[in-house]
Trainee: 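Pasting a structure below so you can have a look.
Quick note: numbers below take in every heavy atom, side chains included, and nothing from hydrogens, waters or symmetry partners. Indexing begins at 1, ligand by ligand and atom by atom, following the structure's order.
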Amino acid sequence: MITIDEPSAAASGAAATARFRTDKSPFQAVRDSPKDRVSELAREVLSAVHDTIRRHRVTYHEYNALKAWLIAVGADGEWPLFLDVWVEHAVEEVATDHRNGSKGTIEGPYYVPGSPECGAFATIPMRADERGVPLRWAGRITSVDGTPLQGSIELWHADADGRYSQFAPNLPEWNLRGTFTADPDGTFEITTIRPAPYQIPTDGSCGRLIAAAGWHAWRPAHLHVKVSAAGHQQLTTQLYFPDDPHNDDDIASAVKPELLLEPRTQSDGSQRVVYDFVLDPEKY
Ligand code: MBD
Ligand code: FE
């Protein structure tokens, strides 16, 4: 039985689809795509599908299974989840391969702009009884030439149950989401808790694909960040914890060795970590 307290794929998928629709730029991108480019990319993707069908002699039974599944992905609102888990990593790779600064990785489906401004040395919005190992993260933002940047960090992550506010039920609106603006010397210090590993919803279409293929549904525990500073390219990335069993087989293929934190456990059980960001100037 589904109760209102239980997160469901349809609920988080609907929320992710609704959130995507609030951003106008994807719809502008649809209008802006040149015919020749659309034709070339669509043809190439379709021939890769035809090749797969011929090589594996795909049957009508399988074709109908695919049709039913694709319809269900839309009905569950899981296109953002599907695309960000299985496609975005390649787009991110191509988009950022010219950069010399910090490594980026995928944004995923659960970013929400406009999180509360917290300051440079602050605790992220969380419940009074928020569970999870306390984590204090100190860092500095600089340009590739070493100039300190008074940039801002938008941080969002799952709670100790692997749930994101605004996408899972019964969480305060901005729980574990905050914007931190560095001091003029580029430094910041953020207090939060360690997120739990994240499991793709198992009751929706993406979960059914995972089960049907015998894959696992896990992303390693991660912190999402967007780092911005005037005159610099925005960095979207994620940070991971060294002891997570899924760092080597992230379902979303979004772990890179440069993104592993090195937290130190304190005598009170809390953890501290240092992680800095280096931003590339805007190209012109
Ligand atoms: C997530 O939390 C996430 O970061 C990605 C990329 C996909 C699904 C859930
Ligand atoms: Fe995530």
Side-chain angles (χ1 to χ4, degrees), residues 7-20 23 26 73 76-96 103-113 115 124-126 132 135 137 153-169 171 174-179 190 192-211 213 215-227 234-241 244-256 259-261 275:
S8 72
S12 66
T17 296
R19 156 91 272 293
F20 185 80
D23 183 355
V73 175
D76 293 344
E78 284 201 335
W79 280 116
L81 181 66
F82 173 83
L83 288 164
D84 295 351
V85 167
W86 284 298
V87 181
E88 188 186 356
H89 67 91
V91 180
E92 190 278 335
E93 186 186 305
V94 171
T96 64
K103 279 278 177 230
T105 191
I106 65 174
E107 176 175 312
Y110 301 143
Y111 169 66
V112 183
S115 63
I124 199 167
M126 65 166 88
L135 178 70
W137 163 22
I153 295 176
E154 292 172 86
L155 172 64
W156 74 101
H157 63 84
D159 67 9
D161 295 321
R163 298 186 185 167
Y164 285 88
S165 61
Q166 303 189 34
F167 297 91
L171 290 166
W174 294 105
N175 208 56
L176 303 176
R177 296 176 182 272
T179 302
I190 298 170
T192 186
I193 54 105
R194 272 185 64 151
Y198 176 86
Q199 190 177 26
I200 303 294
T202 50
D203 61 325
S205 308
C206 292
R208 291 220 307 283
L209 170 61
I210 288 166
W215 300 340
H216 73 73
W218 292 95
R219 296 216 60 222
H222 55 280
L223 303 173
H224 289 272
V225 286
K226 277 184 186 283
V227 190
Q234 187 180 58
L235 171 70
T236 300
T237 195
Q238 299 181 33
L239 301 173
Y240 302 92
F241 298 89
D244 197 294
H246 291 297
N247 285 333
D248 297 325
D249 64 353
D250 176 11
I251 184 76
S253 310
V255 181
K256 303 179 186 184
L259 304 180
L260 286 171
L261 296 168
Y275 195 90

Trainee: Under 4.0 Å from a heavy atom of Ile106: give me the atoms of ligand 1 that qualify, with their elements.
Mentor: 6 (C)

Trainee: At what distance is the nearest protein heavy atom to atom 9 (C) of ligand 1, and which residue and atom is it?
Mentor: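 That would be Tyr198 CE2, 3.1 Å.
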
Trainee: Which atoms of ligand 1 sit under 4.0 Å from any heavy atom of His224?
Mentor: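 That gives atoms 2 (O), 4 (O) of ligand 1.
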
Trainee: At a cut-off of 2.8 Å, list the protein N/O/S atoms near the Fe ion (ligand 2), residue plus atom name.
Mentor: Tyr164 OH, His222 NE2, His224 NE2

Trainee: Check whether any side-chain N or O of Glu154 sits under 3.5 Å from a backbone N or O of Val227 as a donor-acceptor pair, and report yes or no.
Mentor: no

Trainee: Within the 4.0 Å heavy-atom shell around Gly108, which atoms of ligand 1 are there?
Mentor: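 Those qualifying, in numeric order: 6 (C).
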
Trainee: What's the separation between atom CG in Leu209 and atom CH2 in Trp215, rounded to the nearest 0.5 Å?
Mentor: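 One gets 4.5 Å once the value is rounded to the nearest 0.5 Å.
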
Trainee: Salt bridge or not for Lys256 and Glu92, using N-O below 4.0 Å?
Mentor: yes

Trainee: Under 3.5 Å, is there a donor-acceptor pair between the side chain of Glu78 and the main chain of Ser205?
Mentor: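 Checked: pair present.
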
Trainee: Can you tell me which residue and heavy atom of the protein come closest to atom 3 (C) of ligand 1, and the distance to 0.1 Å?
Mentor: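 It is Arg219 NH1, 3.5 Å.
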
Trainee: Considering only heavy atoms, which of Phe167, Tyr164, Tyr111 lies nearest to atom 2 (O) of ligand 1?
Mentor: Tyr164

Trainee: Can you check whether Pro220 reaches Val255 side chain to side chain, under 4.5 Å on heavy atoms?
Mentor: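 A side-chain contact exists here, since the closest heavy-atom pair is under 4.5 Å.
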
Trainee: Quick one: are Pro113 and Arg19 in side-chain contact, heavy atoms under 4.5 Å?
Mentor: yes

Trainee: When you check the side-chain N and O atoms of Gln238 and Tyr240, is any donor under 3.5 Å from an acceptor?
Mentor: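 Yes, Tyr240 and Gln238 have a side-chain donor paired with an acceptor closer than 3.5 Å.
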
Trainee: In terms of atom number and element, which parts of ligand 1 are under 4.0 angstrom from non-hydrogen atoms of Val85?
Mentor: 7 (C), 8 (C)

Trainee: What part of Pro109 sits under 4.0 Å from ligand 1 if we count only heavy atoms: the side chain, the backbone, both or neither?
Mentor: side chain

Trainee: Partners of Trp79 by ring pair (Phe, Tyr, Trp, His ring centres under 6.0 Å), sequence neighbours excluded?
Mentor: Phe82

Trainee: Just checking Trp156 against Tyr111, ring centres under 6.0 Å apart?
Mentor: yes

Trainee: Within ligand 1, which atoms have a heavy atom of Leu81 less than 4.0 Å away?
Mentor: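 Contacts of ligand 1 toward Leu81, numbered from 1: 8 (C).
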
Trainee: Less than 4.0 Å is my threshold; does some heavy atom of His222 fall inside it relative to ligand 1?
Mentor: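 In this structure, His222 qualifies as a contact of ligand 1 - some heavy atom is under 4.0 Å.
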
Trainee: Is it true that a side-chain atom of Asn247 and a backbone atom of Phe241 form a donor plus acceptor pair closer than 3.5 Å?
Mentor: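 Answer holds: yes.
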
Trainee: Please name the residue in the list Phe167, Trp218, Tyr164 that meets the ring-ring contact (aromatic ring centres under 6.0 Å, His included) test with Tyr198.
Mentor: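 Answer after filtering Phe167, Trp218, Tyr164: Tyr164.
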
